[in-house]
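Worksheet for the structure shown next.
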Amino acid sequence: MNDDLYYLPVKIGNVELKNPFMVASGPTTKRVDQLELAEKCGWGAAVIKQTFNPVPYINYQPRYRWLKKEKLHTFTAEFRLDMESGLRLVEEARKKCREMIIIANYSYVQADLDGWQDAARRFEAAGAQILELNFCCPNMSFNVDVSAKAPKENRPSSGASMGQDETSVRLVLEKTREVTQLPLIAKITPEGGRIADVSKVALGAGAAAVCSVANRLGIPPIDIWNYKKPIYNLQGENTMGCLSGPWIKPLALRDVFEIRKMVGPSPHIIGTGGIASMEDAVEMIMCGADSVGICTETMIHGFGFLEKWMKSLKNYMQKMGFQAVRDIRDLLIQEIKSAAELTVWAGVAQVDPEKCSSCGMCVEIGHCNAIILTDASAEINPQLCQGCSTCLDICPKKAIQMVDQKIK
Ligand SMILES: Cc1cc2nc3c(=O)[nH]c(=O)nc-3n(C[C@H](O)[C@H](O)[C@H](O)COP(=O)(O)O)c2cc1C
Ligand code: SF4
Ligand code: SF4
């Protein structure tokens with residue numbers, strides 16, 4: 001392995017990233033000083049904040065909430081770049097960043113395809129090394145479709161509304177392919193549950209890579225005693241939130257897994273969603289990702305954590321005998337079995353009376369009639385225990401363990 005801590009190369013089309021870590025498009029890729037810092041911290045690539053062509057019909061100063069306990073980030077109000085600012089940002093970033101790959105993320109919000117072609121040409125001229133076409137933003141037409149009273153057909157379709165429709169995605173990619181040789185990434189929405197099918201179409205239409213996932217649209221927690229007050233500060237109304245952060249990871253892993261199974265081993269997949277540790281990144285790669293996009297974690301902690309991640313990743317790879325990211329990729333694809341292929345063997349829970357404090361928490365478990373509390377400790381009737389292991393997870397004293405074989 002190369003001695004440079006940050007060197008662990010992956011490729012998107014013909015473009016090499018020095019490592020698979022990418023700052024995903026969002027509030028940490030809006031300004032050139034952020035991109036310079038990301039480069040200094042060793043990131044493989046950064047995807048600039050979404051640029052709209054023309055200026056979007058919904059654009060606000062940002063209003064965010066980071067709900068630490070829920071590990072959930074949410075927002076509705078967000079500011080996107082106009083075309084001129086996006087182009088300038090790419091131009092300046094290319095001057096400042098020698099190694100980090102600069103990726104332009106953009107959308108066009110009209111029915112014709114000319115604006116997509118125009119944006120591709122102009123971003124290429126500005127120096128973008130890869131183009132990411134945004135078929136994922138849930139916060140424009142999709143938000144309005146889901147939350148507003150007005151009929152759907154009055155609005156131009158973009159982002160997550162568009163990304164569920166193979167025909168639109170295919171046409172945009174084919175048209176874009178006509179005007180640029182740069183690698184194209186299709187960032188596709190998980191909304192609608194069609195991400196794997198649409199990814200296949202996108203790759204067939206000329207995308208070098210697909211990226212999954214963006215934010216999911218949902219209703220963030222409210223104060224039920226004061227339900228008219230939104231959870232956001234400096235904002236008047238309750239809204240659907242664009243959700244991200246660690247809570248999304250299991251869904252994001254599934255999406256990447258499904259895409260990899262659908263598209264086979266060749267295409268590059270950028271796994272994004274809820275990555276907050278080196279271990280999360282490895283899980284994502286094991287589920288089929290070639291590279292890893294990170295947004296929320298960079299909002300909360302900046303870019304400097306990459307050094308620690310790279311050290312622990314290299315250490316992990318050495319111990320496991322992995323030479324390259326590709327050696328880790330897809331390892332879970334064969335491991336994850338369908339419900340029909342499951343093996344479940346007999347076993348029961350047992351209490352260690354020495355550790356049990358008789359707190360009674362396990363006796364409260366609603367689906368279990370096997371546990372009673374005696375004077376000394378909790379006791380489990382092996383004839384009634386079904387081996388589910390909920391009690392083991394509930395016990396605060398770690399007094400319960402599972403043992404194989406139901407009846408000894
Ligand atoms: C505040 C905010 C703004 C975002 N803006 C964009 C954007 O402009 N373009 C885009 O493709 N994705 C955008 N995203 C989505 C992220 O790039 C990423 O796909 C998503 O947040 C999931 O990853 P995470 O859990 O690491 O944040 C944004 C996310 C957040 C939280
Ligand atoms: S393993 Fe499940 S069924 Fe058995 S005692 Fe614990 S909670 Fe009850
Ligand atoms: S939860 Fe644990 S400590 Fe509490 S009664 Fe059950 S076994 Fe004992």
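Atoms within each ligand, like the ligands themselves, are counted from 1 in listed order. The figures that follow rest on heavy atoms only: side chains count, while hydrogens, waters and symmetry mates do not. Index from 1, following the sequence.
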- Donor-acceptor pair between Ser141 and Asp145 side chains, under 3.5 angstrom: no
- Note on the structure: Logged contact type for Ser389 with ligand 2, heavy-atom cut-off 4.0 Å, is backbone
- Query: Short N/O distance, under 3.5 Å, between Gly293 and ligand 1?
  - Reply: no
- Exercise: do Thr296 and Ser244 side chains pair donor with acceptor under 3.5 Å: yes
- Item | Atom indices of ligand 2 within 4.0 angstrom of Cys368 heavy atoms, with elements | 3 (S), 5 (S), 7 (S), 8 (Fe)
- Starting from atom 6 (Fe) of ligand 3, find the nearest protein heavy-atom neighbour and note its residue, name and distance. Cys362 SG, 2.3 Å
- Answer yes or no: does atom CZ of Arg254 have more than 12 heavy-atom neighbours from other residues, nucleotides or ligands under 6.0 Å? no
- Item | Nearest protein heavy atom with distance in Å, relative to atom 5 (S) of ligand 3 | Gly360 N, 3.3 Å
- Query: Below 4.0 Å from any atom of ligand 3, is there a heavy atom belonging to Pro396?
  - Reply: yes
- Message: Heavy atoms only: which of Glu297, Lys249, Gln50, Lys187 lies closest to atom 12 (N) of ligand 1?
- Response: Lys187
- Task: Examine the proximity of ligand 1 to Asn105 and report which part, side chain or backbone, both or neither, has a heavy atom under 4.0 Å away.
- Result: side chain
- Message: What I'd like to find out is whether the side chain of Arg329 reaches to under 4.5 Å of the side chain of Arg260, using heavy atoms alone.
- Response: yes
- Item | Spacing of CG belonging to Asp33 relative to NZ belonging to Lys30, to within rounding of 0.5 Å | 12.0 Å
- Note on the structure: Here the atoms of ligand 2 under 4.0 Å from any heavy atom belonging to Ile371 are 5 (S)
- Message: Does either side chain, that of Tyr108 or that of Ser158, offer a donor lying less than 3.5 Å from an acceptor on the other one?
- Response: no
- Parallel, tilted or perpendicular: rings of Trp116 and Tyr106 (30°, 60°): tilted
- Would you call Lys175 and Glu178 a salt bridge, using N to O less than 4.0 angstrom? yes
- Query: Which atoms from ligand 1 have a heavy atom of Gly274 less than 4.0 Å away?
  - Reply: 24 (P), 25 (O), 26 (O)
- Task: Go through ligand 1 atom by atom and flag the ones less than 4.0 Å from a non-hydrogen atom of Gly273.
- Result: 22 (C), 23 (O), 25 (O)
- Donor + acceptor pair across side chains of Ser107, Gln50 (<3.5 Å): yes
- Heavy-atom nearest neighbour in the protein, as seen from atom 2 (Fe) of ligand 2, with distance rounded to 0.1 Å: Cys388 SG, 2.4 Å
- Task: Could you check which of Ser25, Ser244, Ser107 puts a non-hydrogen atom nearest to atom 16 (C) of ligand 1?
- Result: Ser25
- Any Val213 heavy atom less than 4.0 Å to ligand 1: yes
- Query: Among protein heavy atoms, which sits nearest to atom 3 (S) of ligand 3, and what does the distance come to when rounded to 0.1 Å?
  - Reply: Ser357 N, 3.4 Å
- Message: If we set the cut-off at 4.0 Å for heavy atoms, which region of Val348 has an atom near ligand 2: side chain, backbone, both, or neither?
- Response: neither
- Task: Number the atoms of ligand 3 from 1 as they appear, then name those within less than 4.0 Å of a heavy atom of Ile400, with their elements.
- Result: 7 (S)
- Task: Report the nearest protein non-hydrogen atom to atom 8 (Fe) of ligand 3: residue, atom name, distance rounded to 0.1 Å.
- Result: Cys356 SG, 2.3 Å
- Could you check atom 4 (Fe) of ligand 3 against the protein and tell me its nearest heavy-atom contact, residue, atom and distance included? Cys359 SG, 2.3 Å
- Query: Can a donor-acceptor pair be found between the side chains of Gln34 and Thr28 at a distance below 3.5 Å?
  - Reply: no
- Note: ligand 1 atoms sitting under 4.0 Å from heavy atoms of Lys49 are 3 (C), 4 (C), 5 (N), 6 (C), 7 (C), 8 (O)
- Query: With a cut-off of 4.0 Å, which atoms of ligand 1 are near a heavy atom of Phe75?
  - Reply: 1 (C), 2 (C), 3 (C), 30 (C), 31 (C)
- With a 4.5 Å limit on heavy-atom distance, are the side chains of Cys97 and Gln129 in contact? no
- What atoms in ligand 2 come closer than 4.0 Å to a heavy atom of Gln386? 3 (S), 4 (Fe)
- Where's the contact between Glu78 and ligand 1, heavy-atom distance under 4.0 Å: side chain, backbone, both or neither? side chain
- Using 4.0 Å as the upper bound for N to carboxylate O, is an ion pair formed by Glu237 and Lys229? no
- Query: At a 4.0 Å threshold, what atoms of ligand 1 neighbour a non-hydrogen atom of Cys136?
  - Reply: 11 (O)
- Query: Does Pro27 come within less than 4.0 angstrom of ligand 1, counting non-hydrogen atoms of the residue?
  - Reply: yes
- Backbone, side chain, both or neither: what part of Ala252 comes under 4.0 angstrom of ligand 1, heavy atoms only? neither
- Message: Do Asp82 and Ser85 pair up side chain to side chain, a donor and an acceptor below 3.5 Å, judged on atom types alone?
- Response: yes
- Message: Within the 4.5 Å heavy-atom criterion, are Leu182 and Phe123 side-chain neighbours or not?
- Response: no
- More than 12 foreign heavy atoms under 6.0 Å from OH of Tyr60: is that the case here? no
- Does any N, O or S atom in Cys395 come within less than 2.8 Å of atom 6 (Fe) of ligand 3? no
- Greater than 12 external heavy atoms within 6.0 Å of Ile365's CD1: yes
